[in-house]
2 protein chains.
Amino acid sequence: MIFSSKAEYGVRLMVELGRQSPEQPTSLKAIADAEGLPLAYLEQVVARLRKAGLVMSARGAHGGYWLARPAEEIAMVDVVQALEGAIAPMECFVHDHTERVLCSHEPDAGRGCATKLLWTRVQGGIIRSLQTTTLADLVEFSRRHDGEQSIGADAQRERATGGPEREPASVA
Amino acid sequence: MIFSSKAEYGVRLMVELGRQSPEQPTSLKAIADAEGLPLAYLEQVVARLRKAGLVMSARGAHGGYWLARPAEEIAMVDVVQALEGAIAPMECFVHDHTERVLCSHEPDAGRGCATKLLWTRVQGGIIRSLQTTTLADLVEFSRRHDGEQSIGADAQRERATGGPEREPASVA
DNA sequence: TCCATATCCTACCAGGGCGGTCGGATTGCC
DNA sequence: GGCAATCCGACCGCCCTGGTAGGATATGGA
């Protein structure tokens, strides 16, 4: 498998936050209960998102987490990278901060791995798909398939009449 | 990391086979020496390729492996799938033989994972990149960056210079 | 016929990462 | 102060990965 459960949990967490109103923080416990995920483990997951500047937090009673910016402006590539680290198809395939692609199997600098071409294309395919998907796409998808049930369903339904206009994103 | 070393080794092996003439089999030992890979482990790797019908083999002295069909007709998606198993971005994301995409996180059938959309797109990106790359592409790339050195370089050099001499660079 | 070479097969093993738990420190609203 | 919540780091079992070991089988050549 390609991504670990950190990515799965983290994305679900982000989607859940995307469904909440950004004014009030959502507690991890509420998300853990809603998604059926272990709270203590979610803490580790959300810590990565916070360090990446994707979510913000408030401590103490009635604290919690919320999106650092609107879901429309969050590309999933940033989310997944925060959760999984650099997206590289192979161990030997790490971009350093410059342009160069390093590969431990290249005996001399300048010679190319036979496989470098392949992994480059695969990496491109992954990153492109993650760049063109925003968190808002997933939130929208989630809303359509889940109805309006959510953590704050009661509060949300109250506001629901003056609903915002959102353009439907293309679904895979 | 996304793919294991089985994929790396297996792809390198396939590229090496693609550089050989298909008439005569290439022994695993020659490939292991050329690429600096452990022979015993390569046996396990090549077994997968053989079972997938991508390479053929001959046992006994002067035996070895060769491509089952021309490199132009081998899509890398088949190679990687043979080596890694089904390509799924997540544990919970397995196609059964029918059309359905199963996800263990779907609480009720018919409801959608919030993340299903994302993993579907990622999977699509990976598979597309693997489908549009053939083994011949990699062989060509390898030839351009490696010159013509290859396993059969000894015979080639003898023919060219008329005698054994120090090899200027390792093939690996 | 015997040997060298090579594929084929199964079992085995150490290490590390993954998924997860635990205990506690800190913060802040009531 | 008490409770709810974020924060932090240590710990831990399981399984998969990468690799080794040892042998059985097949085949061409001397």
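All chains are named by letter (A, B, ...) in the order of the sequence lines, taking the proteins before the strands, and each is independently numbered beginning at 1. Because the structure is a prediction, the values reported are computed rather than measured.
- B/K29 places its NZ atom 11 Å from the C1' atom of C/dT5, with the value rounded to the nearest Å.
- Applying the ring-ring contact (aromatic ring centres under 6.0 Å, His included) test to every pair with at least one member in residues 44-77 of chain B, sequence neighbours left out, gives no pairs at all.
- OP1 or OP2 of D/dC7 has at least one side-chain nitrogen or oxygen of A/S57 nearer than 4.0 Å.
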Could you write out each protein N or O paired with an N or O of nucleotides 25-30 of chain C at a distance under 3.5 Å?
unit_1 : atom_1 : unit_2 : atom_2 : d
C/dT26 : O2     : A/R59  : NH2    : 2.8
C/dT27 : O2     : A/G60  : N      : 3.3

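- For A/R48 and D/dC7, the CZ to C1' distance is 15 Å, given to the nearest whole Å.
- The list of salt bridge (Lys or Arg N to Asp or Glu O under 4.0 Å) pairs with a residue in residues 124-140 of chain B, not counting sequence neighbours, reads A/R121-B/D137, B/E140-B/R144.
- Counting heavy atoms from C-beta outward, A/V122 and B/F3 have side chains that approach closer than 4.5 Å.
- The separation between B/I2 atom CD1 and C/dC18 atom P is 13 Å, rounded to whole Å.
- Protein atom CE of B/M56 is 17 Å distant from nucleotide atom C1' of C/dA6, rounded to whole Å.
- Sequence neighbours left out, not one pair with a member in residues 37-47 of chain B passes salt bridge (Lys or Arg N to Asp or Glu O under 4.0 Å).
- The residue A/A58 sits close only to the backbone: its heavy atoms come under 4.0 Å of sugar-phosphate atoms, none of a base.
- Shown here are the side-chain contact (heavy atoms from CB on, under 4.5 Å) partners of A/A68, two or more places apart in sequence or in another chain: A/M56.
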I'd like a table of donor-acceptor pairs (distance under 3.5 Å, sequence neighbours excluded) in which one partner is a side-chain atom from residues 74-85 of chain B, with atom names and distances.
unit_1 : atom_1 : unit_2 : atom_2 : d
B/E84  : OE2    : B/S4   : N      : 3.1
B/E84  : OE2    : B/S4   : OG     : 2.6
B/E84  : OE2    : B/A7   : N      : 3.4

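- Every residue meeting the side-chain contact (heavy atoms from CB on, under 4.5 Å) condition with B/Q24, not counting sequence neighbours, appears here in chain and number order: B/S21.
- Within the structure, ring-ring contact (aromatic ring centres under 6.0 Å, His included) pairs that include any residue of residues 24-53 of chain A comprise A/Y9-A/Y41 (at least two apart or interchain).
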Can you check each nucleotide of nucleotides 17-22 of chain D against protein heavy atoms at under 4.0 Å and return B for base, S for sugar-phosphate only, - for none, in 5' to 3' order? -BBB--
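- Regarding A/W66, its CH2 atom lies at a distance of 14 Å from the P atom of D/dA5, rounded to whole Å.
- Put simply, CG on A/D33 is 13 Å from P on D/dA4, counting in whole angstrom units.
- To the nearest angstrom, C1' of C/dT10 lies 11 Å from NZ of B/K51.
- Between the C1' atom of C/dC22 and the CG atom of A/L42 lies a distance of 16 Å, rounded to the nearest Å.
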